[in-house]
There are 2 protein chains.
Amino acid sequence: MRFTTSAETFPAHTPAVSQIFTTVLSHGPLTRLEAARRAGLSPAAVTKAVRPLLAAGYLAEDADGEARPTLGRPANLVRVDGGRALFIGVKVTGDEVIAVLTDLCCRIRLARRLPVTDRAAKAVLTSVAELTHELRAEAEDFGAPVLGLGIAVSGDVDRAEGVVRYSPFLDWRDVALAELVATTTGLPVVVDNDVRALTVAEQWFGAGVGLSDFAVVTVGAGIGCGLVVHGRVVAGAHGVAGEIGHVAVDPAGPLCHCGNRGCVEAIAGDAAIVSRMREVTGRPVAVAAEAAALAHEGVAGAREVYAAAGDAIGRGIATVANLFGPERVIISGEGLAAYDLFAEHILDSFTAAAFGSAARCDVQTRPLAFEEWARGAAAAAIQSFITSSPTPQG
Amino acid sequence: MRFTTSAETFPAHTPAVSQIFTTVLSHGPLTRLEAARRAGLSPAAVTKAVRPLLAAGYLAEDADGEARPTLGRPANLVRVDGGRALFIGVKVTGDEVIAVLTDLCCRIRLARRLPVTDRAAKAVLTSVAELTHELRAEAEDFGAPVLGLGIAVSGDVDRAEGVVRYSPFLDWRDVALAELVATTTGLPVVVDNDVRALTVAEQWFGAGVGLSDFAVVTVGAGIGCGLVVHGRVVAGAHGVAGEIGHVAVDPAGPLCHCGNRGCVEAIAGDAAIVSRMREVTGRPVAVAAEAAALAHEGVAGAREVYAAAGDAIGRGIATVANLFGPERVIISGEGLAAYDLFAEHILDSFTAAAFGSAARCDVQTRPLAFEEWARGAAAAAIQSFITSSPTPQG
DNA sequence: TGGCTTATTTTCCGCTGTCAATAAAAGAAA
DNA sequence: TTTCTTTTATTGACAGCGGAAAATAAGCCA
C-alpha cells in the first residue's frame with residue numbers, strides 16, 4: 001500500500017529501464033556500453049532504456065570528459081541528474097526528529113532537527129509536518145520538485161503497509177504513519193525500520209553497492225543489523241530481522257531489557273557501557289561520550305569495558321557471518337565515535353569466532369554522521385519512487 | 001559448470017514453463033486455473049506451458065477425480081508423472097555411502113548403502129560408481145531413464161563448480177567430484193553440501209513448500225542449518241553459510257574442535273553428548289544411542305546432559321530467528337531419535353531467547369530417516385535437471 | 001581524405017505472455 | 001430433450017520487450 005496524493009511518477013516502463021537507471025545511479029557515470037555489461041543487457045537495450053529517462057530529465061549526458069582511450073569513437077557518459085528531483089528523509093527518535101533534504105543521488109542538501117518533547121504520535125506527526133514544510137519551502141530554491149518522503153523509525157515497522165507496529169522507544173503501537181503523513185503533506189510516503197533504511201542507503205549509495213550479500217551493523221544506543229541476501233533487504237516473515245542486539249553471547253552476562261542475559265546490546269549498547277563504566281570506575285557517568293572520555297584518559301578498568309563491548313560485537317558479527325556468509329560487513333553508528341577503543345577487539349573476536357571461510361568476510365567501518373539515519377529514510381523514498389510505479393522490483 | 005555426457009534435457013523453454021512445472025511439482029495435482037493463480041500467470045499461459053510438458057511425459061492429466069463443485073465444466077487435474085524419470089541421490093559420509101533411487105517427485109524407490117573403509121576420494125568414487133551402477137541396473141525394471149545424479153557431502157562444497165573445497169570428515173580438499181563422477185557414470189552430476197541439499201528437498205517436497213523464508217536445522221553428529229531467504233537457498237559468499245553449529249552460545253562452555261568455546265555443536269553434537277555423558281555418569285558410553293538409553297533409564301545426571309543440549313540448540317535457533325525472521329524452522333536429523341529428551345528444552349529456550357515477534361516463528365520437527373540425506377541429494381539433482389538447461393532460475 | 005577503431009543507434013525479428021472471445025463439459029431448468 | 005448457466009480450458013490476435021546484426025557516428029592517424 002502506498003500513499004500518494006499528487007505524483008510525478010518515474011517512467012520505469014520496463015524492467016530494463018529500472019535496471020539501467022539503478023545501475024547508473026549506483027555506479028556513477030557510465031558509458032552505455034559499460035552500463036549494458038553491468039546490467040547484463042545488450043547495448044541496444046540500453047539506448048532504448050536511456051532515451052525516455054533522458055527525455056524526462058532523470059538522466060543526463062556528460063560531454064564525455066576524463067581520460068579516454070585515444071582510439072575509436074569517444075564514449076558518452078550517462079549519469080543521473082541529481083538535481084532533477086528532491087526527497088525528504090526523516091528519522092524519528094525518542095529525543096528528536098531529524099530531517100534531511102536530498103537530491104536524487106541521495107546527497108544531502110539541507111538538514112534540520114527538532115527536539116521531541118511529547119512522544120505521542122500526534123505530536124511527533126506535527127514535528128514531521130513542520131520540518132517537511134520547512135524543507136519544501138527551502139527546496140524551492142533548488143528548482144526541483146520534492147517527490148517523496150521517507151520516514152525511519154526504530155522497532156517493528158511494516159513497510160508494505162506503512163504502519164509502525166511497535167516502537168519501544170516511542171511507545172507506539174500500530175500507528176498508520178504513512179497514511180497520516182501522506183494526508184498531511186500530500187507527498188508519497190514510505191515508512192521503514194531505521195536500520196533497514198540505512199541498509200538500503202548502503203546498498204544503493206554506499207559500501208554495499210554491487211554486493212548481493214552483505215550486512216550493516218549499527219553500534220550506538222542499540223545494536224542493530226540490516227541484512228541483504230540475494231540482493232534484497234531481509235525483512236523477516238514477522239517483521240523482525242537483524243536483531244543482532246539480542247543475540248545472546250554469554251548466558252552469564254548482564255540482564256538485558258529483553259529479559260535474557262548476555263545479549264550483545266546488554267554488553268555493548270550505550271546504556272550498558274555507561275552503567276558498567278559507573279560500576280568499574282566508581283565515577284558518575286551519564287552518557288556514552290563521558291564513558292569514552294574516561295577510557296581515553298586511561299582510567300583504570302575503563303578500557304576493559306570497551307574491550308568487553310568490542311568482544312561482544314565481534315562475536316555477534318561472527319554469528320551473522322557464520323549463518324549467512326556475507327561478502328562484507330559494514331559497521332557503523334554513533335557508537336563509532338569510540339571506535340578506536342574497541343575496533344581491535346571487534347576484529348579479533350570476529351576472526352576467532354568466524355568459522356572457516358566465513359572469516360574471509362570483509363569487515364569495514366564507516367563513520368555515521370547524525371543525518372545519516374535520515375538519509376537512509378530518503379534512500380528508502382528514492383527506492384520506492386524508482387521501483388514502485390508500474391514495475392515492482394526487489 | 002555442469003558435467004553431462006548424454007542427456008535428455010527438460011523442455012523448460014521459457015520461465016513460465018519452469019514455473020508452472022515446479023508449482024505443480026510442489027503443490028500436487030492442480031487444475032490449470034489453480035496453477036495459474038499460484039504462479040501468478042494467466043490461464044492461457046498455463047495451457048501453453050503445460051502442452052509441451054504433457055507431450056514430453058513429464059506432466060500427466062488425471063481424469064479429474066475427487067469432490068468437485070457440482071457446477072460448471074469439471075476441472076482437469078494436472079500432476080507430475082513421477083514415473084517418467086528417475087534420479088539417484090548419494091550421501092557420502094566418513095563411514096558409509098548411502099544411495100537412493102527416486103522418481104521425479106523425489107519419492108524413494110530403492111535404497112542401498114556401502115560402508116566406507118578408505119576415505120580417499122578415489123576409493124569413495126569407486127563406491128559411488130558401484131552403487132550408481134547397481135541402482136541403474138535395477139532402474140531398468142521401472143521403465144524410466146535415470147536422468148541425473150546428486151551427491152551430498154558435508155563441508156565446504158562449491159555447487160556451481162561441482163567441487164568439494166574442503167570436507168573435514170572425509171579429509172578432502174578441492175576434489176572435482178562432479179567432473180569425476182560424471183566421467184565415470186555418464187550422468188549429469190550435481191554436488192552440493194549435505195545440509196543445503198536437504199534444504200532443497202524440504203523447499204520443494206517437504207515442510208518448506210510455499211515458504212519463501214525458512215530454516216532447516218539438523219541435529220546429529222554435527223549441528224547444521226540450511227537457510228532459505230527470498231525463496232532461495234543461501235550459499236554464502238565464501239561457501240560458508242548456516243553454520244549454526246558454530247554459533248557460540250556460552251563463552252565458558254566446552255572447547256569445540258573449531259577452537260572456540262561453547263559452540264552449539266560442542267554442547268549438543270553427538271560427540272559432545274557422549275563425552276559429557278561419560279563424565280557425568282562415569283559409565284562407558286561410546287555412541288549417541290547409548291547416551292540416550294542412559295537418559296531414558298533415568299540414570300542420575302543423564303537427563304541434564306540432554307537438557308543442556310536442548311537449551312543450546314534452542315538458543316541457536318533463536319539466534320537464527322532473531323537474525324532472519326524465518327516463517328518456519330524445521331528441526332530434523334538423526335539426533336531426533338532422542339528428541340523426547342530435549343524437545344521441551346529446545347522450545348523453552350527458543351521461546352525465551354527469541355526477540356519479540358521472532359517468537360511467532362513456527363518451530364516444527366520432522367523425523368529424518370537415514371536415506372533422507374541421500375534423498376536431499378536427489379532433490380538437488382532434480383532441481384538442477386529442471387532449472388538448468390536453457391532457463392536458469394533461483 | 002581515406003582507413004581504423006570503438007560507441008551508439010537503427011532496424012528488424014523472435015518470443016512470451018495477455019486479452020478477449022470461444023469451445024467444452026457438465027448439471028439445472030424448462 | 002433441449003436450452004441455460006456456470007465454470008474451465010483453449011485459441012488466435014496482439015503488444016511489447018529485448019536481442020542480433022548491420023548501419024552510422026565520431027574521433028585519431030596517416
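In the text below, chain A, chain B and the rest are named by the order of the sequence lines, each starting its count at 1. No experiment lies behind these values; they were computed from the predicted model shown.
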Rounded interatomic separation in angstrom, taking CG from L33(B) and C1' from dT6(D):
13 Å
What pairs meet the side-chain hydrogen bond (donor to acceptor under 3.5 Å, both in side chains) rule with one or both residues in residues 46-56 of chain A, with sequence neighbours excluded?
none
Listed by chain and number, what are the side chain to side chain donor-acceptor pair (under 3.5 Å) partners of R196(A), not counting sequence neighbours?
D192(A)
Would you mind reading off the bend of the helix from dT1(C)-dA30(D) to dA30(C)-dT1(D) from its two end axes, five pairs each, to 10 degrees?
30°
Quick one: list whatever passes side chain to side chain donor-acceptor pair (under 3.5 Å) with E34(B), sequence neighbours left out.
R37(B), R38(B)
Starting at CG of L30(A) and ending at P of dT8(C), how long is that distance when rounded to a whole Å?
11 Å
With sequence neighbours excluded, residues passing side chain to side chain donor-acceptor pair (under 3.5 Å) with D103(A)
R107(A), R109(A)
Any chance you could list the contact pattern along nucleotides 10-19 of chain D? Use B for base contacts, S for sugar-phosphate-only contacts and - for none, protein heavy atoms under 4.0 Å, 5' to 3'.
BBBB---SBB
Given 3.5 Å as the limit, does a donor-acceptor pair link the side chain of T22(B) with the main chain of Q19(B), or not?
yes
Those residues at least two apart in sequence (or on a different chain) that pass side chain to side chain donor-acceptor pair (under 3.5 Å) with R79(A) are D62(A)
Contacts of A49(A) that satisfy side chain to side chain contact (heavy atoms under 4.5 Å, CB included) - sequence neighbours left out
V17(A), I20(A)
With sequence neighbours left out, which residue pairs that include part of residues 17-49 of chain B fulfil the ring pair (Phe, Tyr, Trp, His ring centres under 6.0 Å) condition?
F10(B)-F21(B)
Rounded to the Å, how far apart are R37(B) CZ and dT18(C) P?
15 Å
